[in-house]
2 protein chains.
Amino acid sequence: MEASALFRRHGYQATSTRQIAAAVGIRQPSLFHHFANKQAILEALFSLSLDNAVVVAERTANASGSAAARLHDYLVWDLETLLSLPLSLSELYSSDILRAPELAHWAAKLESLYLALEKLVRQGIEAGEFVATDPVLIRILIANVTIAHIQYADERPDRDPKKLARDGARFVLAGLSNMESAHLDELISGTRSR
Amino acid sequence: MEASALFRRHGYQATSTRQIAAAVGIRQPSLFHHFANKQAILEALFSLSLDNAVVVAERTANASGSAAARLHDYLVWDLETLLSLPLSLSELYSSDILRAPELAHWAAKLESLYLALEKLVRQGIEAGEFVATDPVLIRILIANVTIAHIQYADERPDRDPKKLARDGARFVLAGLSNMESAHLDELISGTRSR
DNA sequence: GTCTATATTTGGATAGAC
DNA sequence: GTCTATCCAAATATAGAC
């Protein structure tokens, strides 16, 4: 948790192991009793934030039914999960740390998540539910709107994560959607299973 | 330009002056003939990307007429400008470099831009044009949607900046807007002066 | 305007005591 | 599991020649 907060504020590379150690009240070398090296701390954060998301995104992309409804459900779940985690992850995903060869495993995992989202978006475009925009741009937009909500939750920890998650999902769907807002409301308001 | 590309990929702190020098084909100490120190390079980038934007945002917030139309015009101008700049600025604004006390001047400038945008959003909410969401969240969303488009343009340099700018502005307006999409289209399609 | 050489600081990681 | 002491590499910046 402390490392993620420091990574978010200063970036991974610019955060020293001395800072992380100080944040948890121990000396710098003591960190290496718990983590093999600095990178292992980073990988633990990727694991916590990514392992489940990939599974859920792929299941969502391979399910049937309205793509808009499925994307909405995924976004609500993802935002709710991320906003409830006691971690500050925005920097990890907006920087290019994942281009480092040592982190190829996590880059591949994130790529799987992206592919699942692009597949889902493509289904929505083909069904006429979404405006015909490059799915790559939409995927980047989704990632950044997610980051925006994490940043907002960092600034305003008093906000309700569930409401924020619903509002965030609605913002994305409204921007992508071809339909009138009345129809969109109807689609979104229904309680669906997960 | 080279420094901005390196900052985007690795972050400001993690980019060494050696890397910047190598990118422009000189040795590391030669850099200091052109810039007093590493920070001066960063400040030049903030100046290029921020000086005009603050002026335009404040003028827009203090103008009259539909807030939705004014926000749309501002977004198109801002995106078009940023996407046409031969710079990669996303990292500068998504990281927390600006919290450093030495950069307080630029943090204040960005804060002015944010305040102008929040003012404009507040006008739109009061006029019933926008959904009633915290203007702070909307401001963060706008910043991140902007970053998303810069990231996309980095990945796909062949895309038309003007079309991207229009699409980006439309995405934001659709997400904020209370009105039906037909009405929104009408609002957006009009050619307005700047 | 660029170079080589170098001063100085800071960072990640290890050794070994308690 | 934490500590002190320390090694070694890398980074910013300066000095001074060409």
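Numbered from 1 within each chain, the chains take letters A, B, ... in sequence-line order. Being a predicted model, the structure only gives us computed values, none of them experimental.
Using a 4.0 Å cut-off between a side-chain N of Lys or Arg and a carboxylate O of Asp or Glu, Arg122(A) and Glu129(A) do not qualify as a salt bridge. Note on Arg159(B) versus Asp134(A): salt bridge recorded, some NZ/NE/NH1/NH2 to OD/OE distance being below 4.0 Å.
With rounding to whole Å, Phe32(B) atom CZ is found 7 Å from dT12(D) atom P. The nearest whole Å value for the distance from the CD atom in Gln13(A) to the P atom in dA11(D) is 10 Å. Taking atom CG of Leu6(B) as the reference point, atom P of dT12(D) lies 12 Å away to the nearest angstrom.
Panel note: side chain Asn52(A), backbone Val55(A); no donor-acceptor pair is recorded below 3.5 Å.
The shortest side-chain heavy-atom distance between Leu110(A) and Phe46(A) does not fall under the 4.5 Å cut-off. Between Met1(B) and Leu87(B), some side-chain heavy-atom pair lies under the 4.5 Å cut-off.
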Checking side-chain hydrogen bond (donor to acceptor under 3.5 Å, both in side chains) for the pair Gln151(A)/Arg8(A): CA distance, chi angles, key distance, verdict?
-> CA-CA 10 Å; Gln151(A) 287 173 358; Arg8(A) 187 189 72 78; over 6 Å; no
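Chain B approaches DNA chain C within less than 4.0 angstrom (heavy atoms of the protein), and the contacting nucleotides run 5' to 3' from dG1(C) to dA5(C).
Judged by distance alone, with hydrogens and angles left aside, Arg18(B) brings no side-chain donor or acceptor close enough to the base of dA10(D) to form a pair under 3.5 Å. In terms of polar N and O atoms assigned as donor or acceptor, the side chain of Gln28(B) never comes within less than 3.5 Å of the base of dA11(D) in a complementary pairing.
Ser30(A) comes within 4.0 angstrom of a base, heavy atoms only.
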